Amino acid sequence: MALLPILCYPDPKLHIVASPVQTVDGHIRALVSDMLETMYEAKGIGLAASQVDVHKRLIVIDVSEERNAPLVLINPDLSWTSPGKHLNEEGCLSVPGIYDSVERFDAVKVTAMDAGGVWRTVDADGVLAVCIQHEMDHLMGKVFVEYLSPLKRNRIKTKMRKLQREDRD
């Protein structure tokens with residue numbers, strides 16, 4: 001297993017739409033392991049392959065308190081969304097230190113393959129539903145700050161660029 005570098009907003013690679021995984025093989029299972037290790041190390045609850053510059057439809061999530069219940073979603077597809085929505089405070093490993101409210105569906109149903117290549121359906125609500133929607137946005141090339149006003153988004157973009165310059169110096 002290896003820690004992977006996480007792309008930081010406003011990196012244009014975060015806007016690449018991910019392509020489907022063709023085969024769940026040893027390479028994909030190794031990527032899943034590396035992504036889980038990276039997510040846990042970064043203290044996140046979800047990570048999309050797009051965030052580690054691998055533009056495949058693959059997500060790892062763990063919303064458990066004990067951090068021992070990983071969920072792997074390969075080629076996820078939202079098959080149902082609740083009629084109700086609510087605002088939820090979100091953050092993102094690609095936008096460190098930034099949190100803001102985003103409207104999401106209260107509950108979702110997603111169909112995806114697991115790390116063994118078996119198709120599963122997951123019914124999710126609460127934090128898990130929010131996390132699934134957030135990570136699936138990454139697969140479509142969308143970062144949560146794009147739901148915010150242009151003013152907020154530009155302030156965040158400026159702040160992130162400044163932090164990236166400081167890190168290089």
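None of the values given here were measured: they were computed from a predicted structure.
No more than 12 heavy-atom neighbours from other residues, nucleotides or ligands sit within 6.0 angstrom of NZ on K159. Counting non-hydrogen atoms of neighbouring residues, nucleotides and ligands closer than 6.0 angstrom, the CZ atom of R29 exceeds 12 such neighbours. More than 12 non-hydrogen atoms from other residues, nucleotides or ligands lie less than 6.0 angstrom from NZ of K142. Around the CD atom of E89, the shell of radius 6.0 Å holds more than 12 heavy atoms that belong to other residues, nucleotides or ligands.
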side-chain contact (heavy atoms from CB on, under 4.5 Å) evaluation trace for R165 with K162: CA-CA 5 Å; R165 276 194 306 272; K162 182 179 181 213; 3.8 Å; yes

CA sep, side-chain torsions, deciding dist, call: V95, V143, side-chain contact (heavy atoms from CB on, under 4.5 Å): CA-CA 9 Å; V95 195; V143 180; 3.7 Å; yes

From CA spacing to verdict: salt bridge (Lys or Arg N to Asp or Glu O under 4.0 Å), D137, R104: CA-CA 11 Å; D137 276 351; R104 300 283 187 186; 2.7 Å; yes

Derivation and outcome, side-chain contact (heavy atoms from CB on, under 4.5 Å), residues V110 and D77: CA-CA 5 Å; V110 64; D77 179 53; 5.6 Å; no

side-chain contact (heavy atoms from CB on, under 4.5 Å) evaluation trace for L71 with V122: CA-CA 10 Å; L71 176 64; V122 176; 4.2 Å; yes

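Under the 4.5 Å side-chain heavy-atom criterion for ILVMFWY residues, a single connected hydrophobic cluster contains both V24 and V52. Residues L31 and Y40 are members of one and the same hydrophobic cluster, defined by side-chain heavy-atom contacts under 4.5 angstrom among Ile, Leu, Val, Met, Phe, Trp and Tyr. Grouping the Ile, Leu, Val, Met, Phe, Trp and Tyr side chains by contacts below 4.5 angstrom, directly or via other members, places L151 apart from I98. No chain of hydrophobic side-chain contacts below 4.5 Å, direct or via other Ile, Leu, Val, Met, Phe, Trp or Tyr residues, connects L14 to V60. Connection of V72 to V21 is established within a shared hydrophobic cluster, with ILVMFWY side chains joined at heavy-atom distances below 4.5 Å, either directly or through further cluster members.
The two residues C131 and I45 come nearest to each other via the heavy atoms SG-O, 3.6 Å. Nearest heavy atom pair, residue A115 against residue I74, reads CA-CD1, 4.2 Å. When all heavy atoms are compared, the tightest approach of M35 to A49 is CE-N, 3.3 Å. P76 and A112 make their closest contact through CA-CB, 3.7 Å (heavy atoms, listed as atom of the first residue, atom of the second, distance). Taking all atoms of both residues into account, the shortest heavy-atom contact from S64 to A69 is OG-N, 3.5 Å. Shortest non-hydrogen contact noted between N75 and P20 is OD1-CA, 3.2 Å.
For the atom pair C92 SG and H134 NE2, the distance stands at 3.5 Å (nearest 0.5 Å). Between the CD1 atom of I16 and the CE atom of M140 there is a distance of 13.5 Å, given to the nearest 0.5 Å. For the atom pair D106 CG and T81 OG1, the distance stands at 10.0 Å (nearest 0.5 Å). L4 CG to M39 CE: the interatomic distance, rounded to the nearest 0.5 Å, is 12.0 Å. Distance check: R57 CZ to L73 CG gives 10.5 Å after rounding to the nearest 0.5 Å. Here the CE atom belonging to M136 is positioned 12.5 Å from the NE2 atom belonging to H138, to the nearest 0.5 angstrom.
For the side-chain contact (heavy atoms from CB on, under 4.5 Å) with P70, the lone residue among I61, D62, V32 that qualifies is D62. Each of T38, L7, L47 was compared with L93 under the side-chain contact (heavy atoms from CB on, under 4.5 Å) criterion, and only L47 meets it. Under the side-chain contact (heavy atoms from CB on, under 4.5 Å) rule, V108 has a single partner from V130, L78, D125, which is L78. Of the residues listed (R161, R153, Q51), the one engaging Y9 in a side-chain contact (heavy atoms from CB on, under 4.5 Å) is R153, and it is the only one.
Counting only heavy atoms from C-beta outward, the side chains of T121 and K109 approach each other to under 4.5 Å. Residues M160 and P96 meet the side-chain proximity criterion, which asks for heavy atoms closer than 4.5 Å. Put simply, the side chain of D25 reaches to within 4.5 Å of the side chain of I28, judged on heavy atoms. L148 has its side chain within reach of I156: a pair of non-hydrogen atoms, C-beta onward, lies under 4.5 Å apart.
Listed for the E90 side chain is no donor-acceptor partner under 3.5 Å among the backbone atoms of F144. In this structure, the side chain of E41 does not engage the main chain of E37 through any donor-acceptor pair within 3.5 Å. Formation of a donor-acceptor pair under 3.5 Å by the S94 side chain with backbone atoms of C8 is not found in this model.
Side chain to side chain, E103 and H86 fail the donor-acceptor criterion of an N or O pair below 3.5 Å. Remark: the Y147 side chain and the D100 side chain contain no N/O donor-acceptor pair separated by less than 3.5 Å.
A search for salt bridge (charged side-chain N to carboxylate O under 4.0 Å, His left out) contacts involving R120 returns D114, not counting sequence neighbours.
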